[in-house]
Amino acid sequence: SMLEAAHENDIELEGKDHDALWALHFEIDACEASLACSTCHVIVMDMDYYNKLEDPTDEENDMLDLAFGLTETSRLGCQVI
Ligand code: FES
């Protein structure tokens, strides 16, 4: 998943980088991708990329509703392949 890729590549996980595809917030992986938190909330900066992603499940949308600073291109990082 994107989250694992971020781990592997040691990507900066806090703050925003507008050159990046993702703006990553907070800590990640707090619930080990079991859709029980929203700490892996990411904002996809590239609309074309966002549109290529699989649609979020109802479970992901429910959890996204609880995420701080929700945007139209928000996803849960642990659910995005
Ligand atoms: Fe908890 Fe993604 S790590 S929902």
Side-chain angles (χ1 to χ4, degrees):
S1 69
M2 195 281 292
L3 201 59
E4 288 157 349
H7 275 312
E8 281 167 16
N9 296 308
D10 215 13
I11 288 171
E12 178 64 46
L13 292 170
E14 294 194 20
K16 274 193 182 181
D17 177 354
H18 286 276
D19 293 331
L21 218 45
W22 311 90
L24 301 170
H25 296 270
F26 312 119
E27 48 184 303
I28 55 170
D29 229 0
C31 75
E32 300 182 332
S34 62
L35 284 173
C37 74
S38 57
T39 59
C40 63
H41 175 207
V42 299
I43 297 169
V44 182
M45 305 304 287
D46 182 330
M47 190 52 106
D48 289 341
Y49 187 76
Y50 180 83
N51 288 331
K52 284 181 194 153
L53 298 172
E54 297 274 322
D55 289 341
T57 61
D58 289 346
E59 288 82 3
E60 182 180 344
N61 277 326
D62 286 350
M63 205 46 72
L64 269 174
D65 284 342
L66 305 176
F68 176 77
L70 191 66
T71 75
E72 285 189 1
T73 60
S74 289
R75 294 296 303 263
L76 291 181
C78 70
Q79 302 301 308
V80 179
I81 309 226

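Counting starts at 1 for both ligands and their atoms, in listed order.
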Task: Proximity of Cys37 to ligand 1 by residue part, where a heavy atom lies under 4.0 Å - done: both
TODO: Provide the number and element of each atom of ligand 1 under 4.0 Å from a heavy atom of Cys40.
DONE: 2 (Fe), 3 (S), 4 (S)
Open item on the list: If I compare all heavy atoms of Asp46 with all of Asp48, which pair ends up nearest, and what's the gap?
Closed with: OD1-N, 2.9 Å
Task: Nearest heavy-atom neighbours spanning Ala36 and Cys31 - done: N-SG, 3.3 Å
Open item on the list: I'd like to know: is atom 1 (Fe) of ligand 1 within the 2.8 Å range of an N/O/S atom from Cys31, strictly under that distance?
Closed with: yes
Open item on the list: Need the ligand 1 atom indices (1-based, order shown) with element for anything under 4.0 Å from a heavy-atom of Leu35.
Closed with: 4 (S)
TODO: Enter the distance from Cys40:SG to Glu32:CD here, rounded to the nearest 0.5 Å.
DONE: 12.0 Å
Task: Interfacing atoms of ligand 1 (cut-off 4.0 Å, heavy-atom, Cys78) - done: 2 (Fe), 3 (S), 4 (S)
With a 3.5 Å cut-off and sequence neighbours excluded, list the donor-acceptor pairs that the side chains of residues 58-71 form with protein atoms.
unit_1, atom_1, unit_2, atom_2, d
Glu60, OE1, Arg75, NH2, 3.0
Glu60, OE2, Arg75, NE, 2.7
Glu60, OE2, Leu76, N, 3.0
Thr71, OG1, Thr73, N, 3.2
Thr71, OG1, Ser74, N, 3.3
Thr71, OG1, Ser74, OG, 3.1

